[in-house]
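A note on names: the letters A, B, ... follow the listed sequences, proteins ahead of strands, and every chain is numbered from 1.
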There are 2 protein chains.
Amino acid sequence: MPNQPKYQRRKEDRPQEIADAAFKTFAEKGYAATRIDDVAKRAGVSKGLTYLYYKTKEDLFKAVVKNVVIRRVDSLIGNVESTELSSEEFLRGPLLEFMKKVPGSPIAIVIRLLISEGPRHPDLVNYYYENVVARGLEAIRQFVARGVERGEFRREALDHQPHLFLAPMMLSMIWRLVFADKPLDTDQLMESQVELLLAEMKA
Amino acid sequence: MPNQPKYQRRKEDRPQEIADAAFKTFAEKGYAATRIDDVAKRAGVSKGLTYLYYKTKEDLFKAVVKNVVIRRVDSLIGNVESTELSSEEFLRGPLLEFMKKVPGSPIAIVIRLLISEGPRHPDLVNYYYENVVARGLEAIRQFVARGVERGEFRREALDHQPHLFLAPMMLSMIWRLVFADKPLDTDQLMESQVELLLAEMKA
DNA sequence: ATACTTACTGACCGTTGAGTCATTAAATGC
DNA sequence: GCATTTAATGACTCAACGGTCAGTAAGTAT
């Protein structure tokens, strides 16, 4: 019977491991109903250690949300800016693909948390707005503008708010968060909308 | 100095008063962070009385959500079914008006609560789905169908999911709940969408 | 007036959970 | 080996909150 050590010291990995566990727990229970003890158990550490890396529960929450946002956004928005596709191809292809993925991704969880906890964490809301929403909307606007410059779209296409592209994605997200068991072809919803908008912009 | 009574007995009004106070508190703080003591203070009664009319905190929560839903929905959906307008007039008029009102109404608060607390209260979700969502979607579907029968719309209009009408409303609601201070002309968003869909359905 | 009912109060109880910290033991250097 | 550092533990404190219930007084009947 070898004398197994009770634990290993892993200074580097702990914060991320705790953040991952916390994200899952916050996602399942919401902010107020998650207990630090559960997070710690899930991460395989003691409660005390959690407090070594994150000063308070709120700190942990904020760190976790930002962490998820950071890890997702750059890859997604990054490869958008370096595409060779025509505006129409882009909107119908990569943008649509992206939107189809979101409602089932951790971003949806973050949005749920922002909806419930946002009012009590305005700095988080701002962070999310600037790093995700504003950039995303601007990207869409760019593509429409480029389409107009190239003569793909009518000038009036610029009047449309880019939000209209995202509206069905939003509805799909909420639908799946709330009515997970009620059927709805959310992909088709988003496809229809893109076609609708493209038709209008080209006409 | 007249000997004022400490309180009045108002058996009839108390439940509604408590429900109103509870709604406001749940809206501000969410389910878990709401303290029964605060609700009671807000309603001007003692904590004990709250427990006379509502057995548990969860009971109170469910009663409150249903209460809000009941008080709103019937009037809204009711007068929809007895309209003389053409389908197009209806979609462009009363439906649009209705959608513009929702994001600032208590319904938006209820939806926020369902988003955060839904998973832990499946019966509430079902109640809401059957009494609001299903009926709302069906109403829209009816109007499209009627428009097709009357030759106002193309047959293909039926293929569109009614959800597409509501998508910008959803986005507007969430936007206002989360990004209250960031500007967005949500009314225009919904108008554009209705025009977009009508154009497509008529073409 | 007096007796009676019951809406309402508020002190109390038990539990839960955020945050602390003295102690332990894993890693590291000599 | 031995000494030193510090990652990690887990028992503890303390306040908050859901829920209870014995007592109080507002209203009512006689």
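Near DNA chain D, meaning a heavy atom under 4.0 Å away, the residues from residues 16-35 of chain B are B:T34, B:R35.
The CG atom of B:D37 sits 10 Å away from the C1' atom of D:dA16 (whole-angstrom rounding). Look at NZ on A:K41: it is 10 Å from P on D:dG10, rounded to the nearest Å. Atoms NZ (B:K57) and P (D:dT20) sit 15 Å apart, rounded to a whole Å. As a whole-Å value, the separation of A:I36 CD1 from D:dG10 P is 17 Å. Here the C1' atom of nucleotide D:dG18 and the CD atom of B:E58 are 13 Å apart, to the nearest Å. Atom pair B:Y51:OH and C:dA11:P shows a separation of 17 Å (rounding to whole Å applied). Rounding to whole angstrom units, OH of residue B:Y54 and P of D:dT20 are separated by 17 Å.
Contact detail for B:E28 and B:R42: the closest heavy-atom pair is OE2-NH2, 2.8 Å.
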Nucleic acid footprint by protein, nucleotides 2-8 of chain C - heavy-atom cut-off 4.0 Å, B for base, S for sugar-phosphate alone: ----BBS
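Using a 3.5 Å distance cut-off with no hydrogens or angles, the side chains of B:N126 and B:E130 do not pair a donor with an acceptor.
The backbone N or O of B:T34 lies less than 3.5 Å from a partner atom in the side chain of B:K57, making a donor-acceptor pair.
By the 6.0 Å and 45° rule, A:K202 does not stack over the aromatic ring of A:F153.
Residues satisfying the salt bridge (Lys or Arg N to Asp or Glu O under 4.0 Å) criterion with A:K182, sequence neighbours excluded, are absent altogether. For A:D181, there are no side chain to side chain donor-acceptor pair (under 3.5 Å) partners at least two apart in sequence or on another chain. A:F26 pairs by the ring pair (Phe, Tyr, Trp, His ring centres under 6.0 Å) definition with A:Y31, A:F61, not counting sequence neighbours.
Sorted by first and then second residue, the side chain to side chain donor-acceptor pair (under 3.5 Å) pairs involving residues 108-119 of chain A (not counting sequence neighbours) are A:E117-A:R120.
Judged by distance alone with a 3.5 Å cut-off, no donor-acceptor contact links the side chain of B:K47 to the base of C:dG10.
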